Structures are given as structure tokens and as C-alpha cells.
Engineer: 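If you scroll down you'll find the structure; I have some questions about it.
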Amino acid sequence: MKQATPLEDYGLIGNLHTVALVSKAGSLDYLPFTRFDSPTIFAALLDVDKGGSWSLQPVGDEVRSKQLYLPDTGVLITRFFTGDGIAELTDFMPIKRHEQNCAVVRSLRIVKGTMEFKMRCAPRFDYARTKHTIQAQGDGSLLFRSCGPDGFQFRLLGNQPFDTTEAGDATGSWQLQAGDTVSFVIEATPVDDPSFIARELVHYTEAAFHDTLNFWRDWVESSTYTGRWREMMLRSAITLKLLTSLEYGSTVAAATFSLPENIGGDRNWDYRFTWIRDAAFTMYAFLRLGFTRESKDFLRWIMDRCEQLTEAGDLQLMYAVDGTSDLPELELGHLSGYRNSKPVRIGNGAAQQFQLDIYGELLDTIYLYNKYGGRITYAFWQHITRLVDFVAENWQRPDHGIWEVRDQERQFLSGKMMCWVALDRAISIARDRSFPAPLAEWHRVRDEIYKEVYDNYWSEEKQAFVQYKGSDVLDASVLLLPLIRMFSPVEPRWQSTMRAIEKELLLDSLLFRYHTNGGATDGLTGEEGTFTMCSFWYIENLSRGGDVDKARLLFEKLLGFASPLGLYSEQIGPQGEQIGNYPQAFTHLTLISAAFQLNRDLDARQNGQRGGHQFV
């Protein structure tokens with residue numbers, strides 16, 4: 001059996017509607033086509049033998065390769081080195097505006113010497129559940145068509161001849177010399193759509209290539225950030241942009257589904273949906289870098305969700321990118337999973353969980369938009385007040401918490417502190433805009449929540465705030481308390497909590513969210529790696545608390561755990577490997593947040609000012 005490629009050996013490309021992962025060996029091993037949450041046509045990432053892939057690789061045993069992005073773009077370069085020559089593979093997806101087709105472009109150029117390359121396009125439709133047909137077309141292209149009821153199809157273009165196999169794959173091998181270029185494109189071809197215009201290969205290799213370069217460079221140049229670690233921050237911003245829908249304005253939590261949190265375990269979830277929580281924090285990251293268009297588009301998406309609510313309590317923690325709410329969780333028993341980690345799941349049953357914290361994250365996003373990105377309308381404010389009133393009436397309810405535990409609801413600290421945020425930000429918006437609101441009642445409840453957290457979530461034994469009322473479990477989500485401005489970094493109980501976090505959860509620059517074998521219960525078996533977003537939360541807290549030198553040291557060490565392309569999955573495994581869904585939006589947005597705060601505090605120190613305690 002073939003071995004799975006390590007996650008850190010993949011690069012991400014996309015067209016703001018979907019994404020693909022390309023390995024440094026030249027194999028495209030993951031592609032939901034044509035939307036983030038569409039069924040895959042290539043999923044070797046989740047089953048090397050059955051999932052399907054599109055490989056373009058040099059022939060030979062001694063091949064070195066490395067990947068890079070063209071600076072400030074989402075265009076991926078893979079370079080191959082052999083004793084006989086050097087080749088360069090360019091992979092990208094043209095930005096899909098209304099008039100463009102969904103496509104993946106692969107161009108290979110021989111830089112030096114003579115090399116033999118082989119290509120195999122082996123799609124497996126509908127998560128490798130559906131057979132397909134392959135048919136040669138008059139223009140030399142091949143049409144792949146699913147035998148499923150949707151009849152989904154795409155065509156393969158190329159400037160080299162193809163062979164076909166009984167399995168319905170397209171293959172070819174060519175001896176190439178310096179200066180030779182071979183190019184291939186897969187292009188979605190809607191069934192019975194008279195408006196569809198099939199593009200020529202030269203359109204993709206020339207016009208679409210330059211248009212894609214210009215799109216990314218123009219977008220990056222619109223950033224207002226000029227501080228330290230700019231290249232890494234903008235790479236994270238490009239990653240977030242690749243995970244954001246151009247059509248809907250929503251951001252998916254990660255590019256992939258069912259990549260394990262522990263190899264061989266069952267903590268495997270589908271993250272290709274829009275979490276209110278993750279997307280809200282993502283908009284904050286975009287705003288900090290000067291990308292205001294994204295916050296406006298997301299707020300439009302949020303307005304639609306709020307206007308569709310029958311009751312304020314119907315707000316879900318996650319939706320599909322188009323805002324639909326039905327996300328049934330299924331297991332794909334025929335796929336072996338990444339490195340034999342079963343089950344492989346699509347959909348997400350946690351969508352139906354009750355989670356209080358999403359109201360706070362949503363209100364914080366609206367607050368920031370109102371302050372920095374634009375002005376909300378009174379009509380929208382009326383929808384907001386329904387949500388805030390719901391929080392004021394229901395903040396004492398138990399919920400499933402920020403980590404979406406699957407065993408039972410509890411009085412989680414994460415829910416309580418984000419209820420405080422919902423009320424606090426709503427009060428600020430009402431004052432700023434002079435909107436009608438029951439401010440006295442909101443003030444009363446906000447203060448009651450504060451006292452509840454301060455008094456009843458404090459453990460004398462641990463000398464720290466704990467995961468849920470009455471527990472002795474430390475949870476890294478407590479690191480949000482200063483970041484949301486609920487507690488000051490100099491609050492004695494907070495400083496004691498930081499020391500407890502460092503003692504129990506910190507591993508140099510890496511942080512566990514909690515210890516599954518140390519009293520925390522989430523209804524699942526097995527252990528997990530360190531959560532990189534929690535590590536960035538910790539570093540931002542250090543900076544805000546005034547320990548700027550330690551924060552900088554740990555931040556720059558943590559940058560070293562990124563993939564060679566600057567990408568992060570959800571977690572870092574026991575051998576420093578990327579594990580969990582990859583790349584993950586939350587990790588990249590917390591990198592931006594920590595770097596932004598640290599850069600500002602370093603500037604303040606250089607200028608003789610007091611940093612650390614300011615907030616955007």
C-alpha cells in the first residue's frame with residue numbers, strides 16, 4: 001500500500017469557491033469540485049488507493065523537489081531536481097468570477113537538461129462512491145462524466161496526447177527537453193447549460209495566468225499593514241482569503257474534512273463549513289490588515305442569517321457557505337482515512353449543538369464592523385437586539401462549549417465569557433449609534449455575568465479559572481478573557497491563571513487546549529496534539545501583559561512549526577508534524593492577531609510608550 005504524504009508537504013491553491021491540495025511530489029490529491037463542500041473528484045489525501053488523484057511527476061528514483069508560492073500570490077510552484085535536469089510545475093486556479101469556469105491549471109516547463117514525465121488523471125467522483133465514463137472529444141480533450149444522478153462532468157485539456165485506461169483514467173508519458181512546456185487543464189462543464197463557453201488551453205496558460213497573478217498582487221497591495229513579519233502575516237491572509245467564498249462572503253473553517261486530530265484515532269471532522277465563531281475572528285484579522293471588503297461581505301452574509309431566524313435561539317454555530325443549515329453527518333466507510341484514521345466523516349452533527357459563545361463572537365464582529373468597516377442600519381439593529389435579549393435571558397443555560405464536546409452540556413466558561421461580550425458590545429453599539437435599547441437591563445446582566453465568572457469559575461486549588469463551574473480542569477480557551485477585554489492582563493487572578501496554564505498545558509511554544517487524560521471529558525477517546533491557535537493566544541497574552549521579549553521569542557519559534565509554505569493545520573503532533581484539518585483558518589487568524597499585537601507593543605517600547613494594554 002502506498003504511504004500517505006505528510007500534510008506539510010502540500011500546497012494550497014484555490015479560486016475563492018473551492019480549493020485543491022498539491023503535493024511536492026506533483027500529485028493533486030484533494031479537490032472538492034466545484035465548491036468548498038462539494039463532493040471530491042480527487043481524495044487520495046484520505047485514501048491513497050481509492051480516493052483518486054491527478055499526478056504529474058518525473059520518472060526516476062532519485063528526485064528532489066521543493067515548493068514555493070510566487071510572492072504575494074496563491075500561485076504554487078513545484079520544482080523537481082534530478083541528475084538529468086530541472087523542471088518547474090506551476091499550479092493555480094483562475095479566480096472564478098461570474099463569467100469564468102471552475103478550472104485547475106497545471107503547466108510544466110523544463111528548465112535544464114532532459115527529463116521524462118508521466119501524467120495520470122484518475123478522478124473518483126462523489127467521494128469515490130460513483131463510477132464514471134470517459135470520452136474523447138473532437139477538439140482532443142477528454143470528457144469525464146459521473147454515472148451518478150447529477151451527471152457531473154469536467155473535461156481535460158492538454159497540449160500532449162492522452163491515453164485512456166479501462167478504469168477511466170487519462171495517462172501519458174513524454175520525454176522533454178530544456179525549453180519544452182506541457183500544460184493541462186481540468187474545466188467543469190455544466191450539463192445542458194447553453195451559456196457555457198468552453199475555453200481554449202491558451203486562455204488558461206496565458207490570459208488566466210496573468211489575471212490570477214494580478215488579482216493576488218492587487219489584493220495584497222491593498223493591505224495597510226507595514227510592520228514586522230509582514231510576509232508571514234500576508235501569507236496567512238492569502239490563506240484566509242483562499243478559504244473565503246467570493247460568491248457568499250463566508251469563510252470555511254478549513255480546506256479539508258476528516259483529517260485526524262490523532263493519527264489512527266476517531267477525532268475526524270468535516271471543517272468545510274462556516275462557523276460563526278471562526279468566521280467572526282477571521283473578519284477581525286482582515287480588518288487589522290486593512291482588508292475591509294471581506295468584513296462587509298461577511299456582514300451581508302450574517303444579516304441574511306439573522307433575518308431568516310424565526311427565533312433568536314435558532315442561530316446555529318455553523319452553516320454551509322451559502323447559508324443553508326442542514327449539514328447531516330455521514331461516514332464514508334469505503335475510505336481508509338488519512339494514514340488509516342477512521343471513520344472518514346462528511347457533514348457535521350455539531351451544527352445542531354447549543355453553543356452560547358457564538359452570540360458573543362457574532363456581536364464582536366458587528367461591533368468591529370460598525371467601528372472600522374462601515375455602519376449598520378437600524379433595521380439590522382432590530383435583529384441584533386433580539387439576539388442580545390436572548391443572551392440576557394439564557395446566559396445561565398449549559399451548552400456544549402467552544403470545543404463542541406459531544407457527551408453532555410455543561411456550564412462552560414467559554415459560553416459565559418462570550419455572553420458577557422455579546423452584552424458589552426451591544427451596549428457600545430447602542431451608545432455609539434444612539435439606537436433604542438434596554439441598556440439598564442443589559443448593563444445589569446453583563447455585570448452579573450462578570451461576577452459569576454470571577455467568583456464561581458475560580459478554583460482555589462488550581463489558583464486559576466477553570467473549564468466549567470465546579471471542575472478542576474484547565475482549558476486554554478480561558479486565554480480569551482484578556483483578549484476580549486473582560487479581564488485586565490494585570491488582574492492578579494488572571495496572572496495566577498497564566499502561571500497555571502504554563503505549568504500544566506505549555507510545551508515550550510506549544511499549548512494543549514486541555515488534557516484529555518487529565519480530567520477533561522469531551523465524549524471521545526484518544527489523545528490529541530497541541531492546538532496551534534491556543535499557542536498564538538498564549539503569545540498574544542504575554543505581549544499584552546508586558547512580557548514582550550518572551551512573547552517575541554516564542555512567536556518566532558512557533559513560526560518554525562509552519563509547513564515550508566507557511567501553512568498550519570489545526571494541531572502539531574508529537575513529532576512536530578501537522579495534524580488535523582489543513583490548512584485551518586483559526587490558526588492563521590490567531591497568527592495575524594498575535595503578530596499585530598506584538599508588533600504594536602514592540603513599537604510602543606521603542607517609542608518609550610507603554611504597550612500591552614491597548615486594544616484595537
Side-chain angles (χ1 to χ4, degrees), residues 274-281 283-284 287 295-296 298-319 323 325 353-402 409 411-454 480-481 483-487 615:
T274 300
W275 267 252
I276 296 291
R277 174 191 311 118
D278 301 41
F281 283 121
M283 295 311 112
Y284 193 15
L287 281 171
S295 63
K296 292 177 181 177
F298 178 64
L299 193 73
R300 183 195 66 215
W301 185 87
I302 282 294
M303 287 180 180
D304 290 341
R305 304 291 75 70
C306 293
E307 290 170 359
Q308 292 170 3
L309 292 176
T310 303
E311 301 289 341
D314 294 338
L315 183 68
Q316 290 190 179
L317 70 147
M318 74 179 85
Y319 295 86
S325 57
Q353 288 184 354
F354 177 64
Q355 293 186 18
L356 278 167
D357 68 283
I358 62 175
Y359 293 90
E361 286 121 8
L362 176 58
L363 263 294
D364 199 38
T365 299
I366 296 169
Y367 163 79
L368 291 168
Y369 174 80
N370 183 69
K371 186 173 182 179
Y372 297 108
R375 293 290 182 174
I376 63 173
T377 65
Y378 177 60
F380 185 42
W381 173 249
Q382 291 175 289
H383 290 290
I384 295 170
T385 57
R386 293 172 60 209
L387 300 177
V388 181
D389 287 339
F390 175 83
V391 171
E393 294 169 3
N394 292 274
W395 70 269
Q396 294 177 315
R397 284 177 57 180
D399 71 341
H400 287 276
I402 192 172
E409 295 180 342
Q411 295 283 350
F412 283 107
L413 173 61
S414 59
K416 301 300 178 279
M417 63 186 180
M418 296 312 293
C419 284
W420 181 91
V421 169
L423 290 154
D424 182 75
R425 303 307 191 260
I427 291 168
S428 296
I429 295 169
R431 284 177 169 172
D432 177 61
R433 300 296 304 281
S434 299
F435 282 144
L439 291 179
E441 175 63 11
W442 288 357
H443 267 288
R444 184 192 67 78
V445 178
R446 184 194 65 175
D447 294 347
E448 187 178 349
I449 297 172
Y450 189 100
K451 293 175 183 177
E452 169 76 0
V453 170
Y454 187 85
L480 286 170
L481 280 170
L483 305 188
I484 62 176
R485 299 178 297 167
M486 189 172 183
F487 287 171
F615 298 91

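Since this is a predicted model, take the numbers as computed values, not measurements. Just the heavy atoms: all of them, side chains too, but no hydrogens, waters or symmetry mates, feed the values below.
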Engineer: Are Q353 and D399 side-chain neighbours, meaning at least one heavy-atom pair lies under 4.5 Å?
Structural biologist: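 No, side chains not in contact.
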Engineer: Which side-chain hydrogen bond (donor to acceptor under 3.5 Å, both in side chains) pairs, counting each pair once, include a residue from residues 435-444, with sequence neighbours left out?
Structural biologist: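 Of all non-adjacent pairs touching residues 435-444, those that pass side-chain hydrogen bond (donor to acceptor under 3.5 Å, both in side chains) are D389-W442, R431-H443, E441-R444, H443-R446, R444-E448.
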Engineer: Between the main-chain N or O of S325 and the side-chain N or O of Q316, is there a donor-acceptor pair closer than 3.5 Å?
Structural biologist: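 Pair found, side chain donor or acceptor close to backbone of S325.
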Engineer: To check you understand the geometry: which heavy-atom pair defines the closest contact between L439 and A430, and what is its length?
Structural biologist: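 Result for this residue pair: CD2-CB, 3.9 Å.
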Engineer: Can you tell me how far the CZ atom of F281 sits from the CG atom of L483, to the nearest 0.5 Å?
Structural biologist: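 Going from the CZ atom of F281 to the CG atom of L483 covers 8.0 Å.
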Engineer: Going by the rule ring-ring contact (aromatic ring centres under 6.0 Å, His included), which residues pair with F435 if we only count those two or more places apart in sequence or in a different chain?
Structural biologist: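 Counting only residues at least two positions away or on another chain, F435 forms a ring-ring contact (aromatic ring centres under 6.0 Å, His included) with Y378, W381.
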Engineer: Minimum heavy-atom separation for R386 to T310, with atom names?
Structural biologist: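 Minimum heavy-atom contact is NH2-O, 3.0 Å.
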Engineer: In the structure I gave you, are the side-chain heavy atoms of L317 and W275 within less than 4.5 Å of one another anywhere?
Structural biologist: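 SC-SC contact between L317 and W275 confirmed.
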Engineer: Take I384 and I366 through the side chain to side chain contact (heavy atoms under 4.5 Å, CB included) test and state the conclusion after the steps.
Structural biologist: CA-CA 9 Å; I384 295 170; I366 296 169; 3.7 Å; yes
Engineer: Can you tell me how far the OH atom of Y284 sits from the CD atom of E361, to the nearest 0.5 Å?
Structural biologist: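 Separation between the atoms: 13.5 Å.
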Engineer: Do I276 and Y319 have side chains that get closer than 4.5 Å, going by heavy atoms?
Structural biologist: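 Yes; the side chains approach each other to less than 4.5 Å.
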Engineer: Does any N or O in the side chain of S295 come within less than 3.5 Å of the main-chain N or O of L287, such that one atom is a donor and the other an acceptor?
Structural biologist: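 Absent.
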Engineer: Would you call the rings of W301 and F298 parallel, tilted or perpendicular if under 30° counts as parallel and over 60° as perpendicular?
Structural biologist: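 The arrangement is parallel - the two ring planes meet at less than 30°.
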Engineer: Compare every heavy atom of T385 with every heavy atom of Q382, then report the nearest pair and how far apart it is.
Structural biologist: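 Taking Q382 first and T385 second, the nearest heavy atoms are O-OG1, 2.7 Å.
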Engineer: Is any side-chain heavy atom of R433 closer than 4.5 Å to one of I376?
Structural biologist: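 Sidechains of R433 and I376: in contact.
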Engineer: Given L299 and F380, is the side chain to side chain contact (heavy atoms under 4.5 Å, CB included) satisfied, shown in steps?
Structural biologist: CA-CA 10 Å; L299 193 73; F380 185 42; 4.1 Å; yes
Engineer: Taking CD in E311 as the centre, count heavy atoms belonging to other residues, nucleotides or ligands within less than 6.0 Å. Is the count above 12?
Structural biologist: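 Not more than 12 within 6.0 Å, no.
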Engineer: Start with the C-alpha gap between L368 and M283, add the side-chain angles, then the distance that decides, and say whether side chain to side chain contact (heavy atoms under 4.5 Å, CB included) holds.
Structural biologist: CA-CA 9 Å; L368 291 168; M283 295 311 112; over 6 Å; no
Engineer: Could you give the distance from CG (L362) to CZ (R305), rounded to the nearest 0.5 Å?
Structural biologist: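 L362 CG to R305 CZ: 11.5 Å, rounded to 0.5 Å.
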Engineer: Which is it for Y359 and M418 under the side chain to side chain contact (heavy atoms under 4.5 Å, CB included) test, yes or no, and what are the steps along the way?
Structural biologist: CA-CA 7 Å; Y359 293 90; M418 296 312 293; over 6 Å; no
Engineer: Can you say whether the rings of Y450 and W420 are parallel (under 30°), tilted (30 to 60°) or perpendicular (over 60°)?
Structural biologist: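 Y450 and W420: tilted rings.
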Engineer: If I take atom OH from residue Y372 and atom OH from residue Y367, how far apart are they, to the nearest 0.5 angstrom?
Structural biologist: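 That separation rounds to 6.0 Å.
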Engineer: Hey, could you give me the NE2/CG distance between H400 and L356, rounded to the nearest 0.5 Å?
Structural biologist: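 Going from the NE2 atom of H400 to the CG atom of L356 covers 11.0 Å.
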Engineer: Between S414 and D357, what is the shortest heavy-atom contact and its length?
Structural biologist: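 For S414 and D357, the tightest heavy-atom pair comes out as O-CB, 3.8 Å.
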Engineer: Taking the side chain as every heavy atom from C-beta outward, state whether V391 and L387 have any pair of such atoms under 4.5 Å apart.
Structural biologist: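 No, their side chains stay 4.5 Å or more apart.
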Engineer: Do D432 and R375 sit within salt-bridge range, that is, some charged N less than 4.0 Å from a carboxylate O?
Structural biologist: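 Yes, this pair counts.
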Engineer: Where is the tightest heavy-atom contact between A279 and T274, given as atom of each residue plus distance?
Structural biologist: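 Here A279 and T274 meet closest at CB-CG2, 3.9 Å.
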Engineer: Looking at side-chain heavy atoms only, is the closest gap between K371 and R425 below 4.5 Å?
Structural biologist: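 Side chain of K371 against side chain of R425, heavy atoms only: no contact under 4.5 Å found.
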Engineer: Given L363, which of D424, V421, V388, I427 fulfils the side-chain contact (heavy atoms from CB on, under 4.5 Å) condition?
Structural biologist: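 That would be V388.
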Engineer: So which atom in A280 and which in T365 form the shortest heavy-atom distance, rounded to 0.1 Å?
Structural biologist: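 For A280 versus T365, the nearest heavy atoms are CB-OG1, 2.7 Å.
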